[in-house]
Amino acid sequence: MAIKKILIANRGEIALRIHRAAHEMGIKTVAVHSTADEMAMHVRLADEAICIGPPSAKDSYLNIPAIISAAEISHADAIHPGYGFLSENEKFAEIVEAHDIKWIGPKPEHINTMGDKVRAKVTAGNLGLPLVPGSPGALSSVEEAKRLADEIGYPVLIKAASGGGGRGMKVVDDPANLENLMQQASTEAEAAFGDPTVYMEKYLANPRHIEFQVFGDGKGNAVHLGERDCSLQRRHQKVFEEAPSPAITEKQRADMGATIVKAMQDMQYRGAGTIEFLYENGEFYFIEMNTRIQVEHPVTEAVTGFDLVREQIRIADGEPLSFTQDDVKLTGHAIECRINAEHPETFAPSPGKVIGYHPPGGMHVRTDSALYHGYQVPPYYDSMIAKLIVYGSNRENCLRRLNRALGEFVIEGMHTTIPLHQKLLENEDVQAGNYDIKWLEKWLAEQNQAD
Ligand code: ADP
């Protein structure tokens with residue numbers, strides 16, 4: 001290993017996750033942190049820690065000069081960005097590489113291509129991935145939009161090319177509203193992302209969200225590690241993820257997997273990536289590619305037995321992939337619950353001081369969290385405070401174990417979404433794996449009415 005010291009440009013559970021993989025590989029770690037995170041677990045565990053600015057993320061975890069300085073001062077020879085923050089910022093990736101520091105992530109040009117949704121779709125289409133029917137690129141006029149919508153059939157969805165987090169999207173049911181809604185989408189996109197470009201897709205009524213994990217060595221070798229089903233979402237945010245998907249067959253996985261692997265080989269993709277699809281009536285439709293490690297990667301680790309962060313570090317160090325497609329054997333079932341510091345019914349943020357903490361344990365139970373007794377959860381960052389990942393020999397055993405583990409989990413001092421997950425597990429549709437991306441919002445609305 002040429003890499004001796006990794007600077008972790010992140011915080012919370014993912015910073016710990018990276019630290020753990022690095023230490024198991026004999027690599028030292030450097031934590032960076034804001035003034036609000038002086039007492040954070042990633043700061044305590046890392047070999048060195050450097051303060052990079054005030055609480056606001058834009059002045060600290062997004063502060064590129066401060067992070068690069070921290071890497072130089074500490075003589076880190078690689079940077080891992082985790083997810084969120086600077087992980088999909090190709091300029092940051094370029095700056096890191098220009099400083100002769102290894103970037104534990106994809107090639108900057110691939111981050112750039114996949115970061116623009118119109119370009120990503122065109123690229124995916126050229127690579128042979130199935131697309132949602134829609135405009136071939138950006139919409140250039142209302143006339144073009146009308147003609148296309150007639151061809152595709154209503155309802156259609158207007159989406160922002162620079163969109164993210166589900167923002168800047170408009171569903172159009174009626175041709176009479178097309179012009180108006182297209183204008184609104186474009187204005188909103190300009191305000192939110194500084195880019196008014198919009199494109200059109202057929203609006204799928206009840207799809208599932210199914211995503212494939214991939215790895216490439218950057219030289220034309222690539223593998224897939226099966227899929228995750230992340231259909232249980234609230235406001236386009238994933239709440240509960242599982243692998244494998246209860247909805248697809250082994251043959252569909254193998255076929256789609258082979259198409260994806262071919263695409264990644266052609267692209268000479270490097271590092272970890274996720275290809276996201278909507279899935280409806282037996283068909284996959286590409287929506288986007290994430291060029292980073294995902295929050296929900298542990299469910300894939302549980303069913304494959306591979307350490308995905310270790311693999312990322314190896315690839316950044318120029319090592320070949322440590323497994324071939326034939327080595328990837330999916331066994332059993334895994335589910336992740338995202339636990340947020342929020343009220344389980346109103347979802348009001350509830351950052352507080354941890355006055356009691358007991359993570360669940362036992363066989364096949366994993367808690368990824370940066371919480372500890374006495375820790376004050378700062379109000380400035382993401383509300384996710386823990387991930388509970390449970391494995392079982394099959395889905396039914398996994399659900400039972402998950403229920404048992406949630407029952408053991410104690411986090412005192414703030415509201416958490418643990419009761420939401422417990423309630424979800426009582427539901428027949430969840431038990432049967434019978435849900436799509438609309439399911440959770442509908443269920444939550446029913447719960448509110450019942451109260
Ligand atoms: P973002 O980058 O803003 O998250 P995505 O393209 O990933 O945008 O879409 C976010 C979510 O919006 C999807 O997970 C899905 O719930 C919904 N969505 C996106 N495209 C469509 C579509 N064509 N039909 C129906 N729902 C869609």
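Note that ligands are numbered from 1 as they come in the structure, with each ligand's atoms numbered from 1 the same way. Position 1 is the first residue of the sequence, and the numbers go up from there. Just so it is clear, the values below take in all heavy atoms, side chains as well, and ignore hydrogens, waters and symmetry mates. Because the structure is predicted, anything quoted here is derived from the model rather than measured.
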(Q) Heavy atom to atom 22 (C) of ligand 1, shortest distance: which of Asn206, Leu157, Asn290 holds it? (A) Leu157

Q) Quick one: nearest non-hydrogen protein atom to atom 17 (C) of ligand 1, plus distance? A) His236 CE1, 3.8 Å

Q: With heavy atoms of Glu288 as the reference, note each atom of ligand 1 found under 4.0 Å away.
A: 2 (O), 7 (O)

(Q) Return the closest protein heavy atom for atom 16 (O) of ligand 1 as residue, atom name and distance. (A) Ile437 CD1, 3.0 Å

Q) Which atoms from ligand 1 have a heavy atom of Gln233 less than 4.0 Å away? A) 14 (O), 16 (O)

Q. Under a 4.0 Å N-O cut-off, is there an ion pair linking Glu301 with Arg20?
A. no

(Q) Ring centroids only, cut at 6.0 angstrom: are Tyr61 and Tyr381 within range, meaning strictly under it? (A) yes

Q) Which residue and non-hydrogen atom of the protein lie closest to atom 4 (O) of ligand 1, and at what distance in Å? A) Gly166 N, 3.3 Å

Q | Proximal ligand 1 atoms for His209, defined as those under 4.0 Å from one of its heavy atoms | A | 14 (O)

Q. For atom 5 (P) of ligand 1, what is the nearest protein heavy atom, given as residue, atom name and distance?
A. Lys117 NZ, 3.2 Å

Q. Could you walk me through whether Glu241 and Arg228 pass the salt bridge (Lys or Arg N to Asp or Glu O under 4.0 Å) check?
A. CA-CA 7 Å; Glu241 301 105 338; Arg228 297 181 284 260; over 6 Å; no

Q. Under the 3.5 angstrom rule, does the side chain of Ser60 hit a backbone N or O of Ser56 as a donor-acceptor pair?
A. yes

(Q) Within the 4.5 Å heavy-atom criterion, are Ile18 and Thr29 side-chain neighbours or not? (A) no

(Q) Below 30° counts as parallel, above 60° as perpendicular, anything between as tilted: where do the rings of Tyr269 and His110 land? (A) parallel

**Q.** atom 13 (C) of ligand 1 - nearest protein heavy atom and its distance
**A.** Ile287 CD1, 4.1 Å

Q. Heavy-atom distance to atom 23 (N) of ligand 1: which of Met200, Arg208, Lys202 wins?
A. Lys202

(Q) Which residue and atom name correspond to the protein heavy atom nearest atom 19 (C) of ligand 1, and how close is it? (A) Lys159 NZ, 3.4 Å

(Q) Is it the case that the side chain of Asn177 and the backbone of Leu181 share a donor-acceptor pair, with hydrogens and angles ignored and the cut-off at 3.5 Å? (A) no

Q. Looking at ligand 1, does any of its N/O atoms fall within less than 3.5 Å of an N/O of Tyr203?
A. no

Q | Protein contact to atom 10 (C) of ligand 1 [nearest heavy atom, distance to 0.1 Å] | A | Met169 CE, 3.9 Å

Q) In terms of side-chain geometry, is the basic nitrogen of Lys117 or Glu201 positioned less than 4.0 Å from the acidic oxygen of its partner? A) no

Q: Return the residue, atom name and 0.1 Å-rounded distance of the protein heavy atom closest to atom 18 (N) of ligand 1.
A: Leu278 CD1, 4.1 Å

Q. Can you find a pair of side-chain heavy atoms, one from Asn427 and one from Trp439, that are under 4.5 Å apart?
A. yes

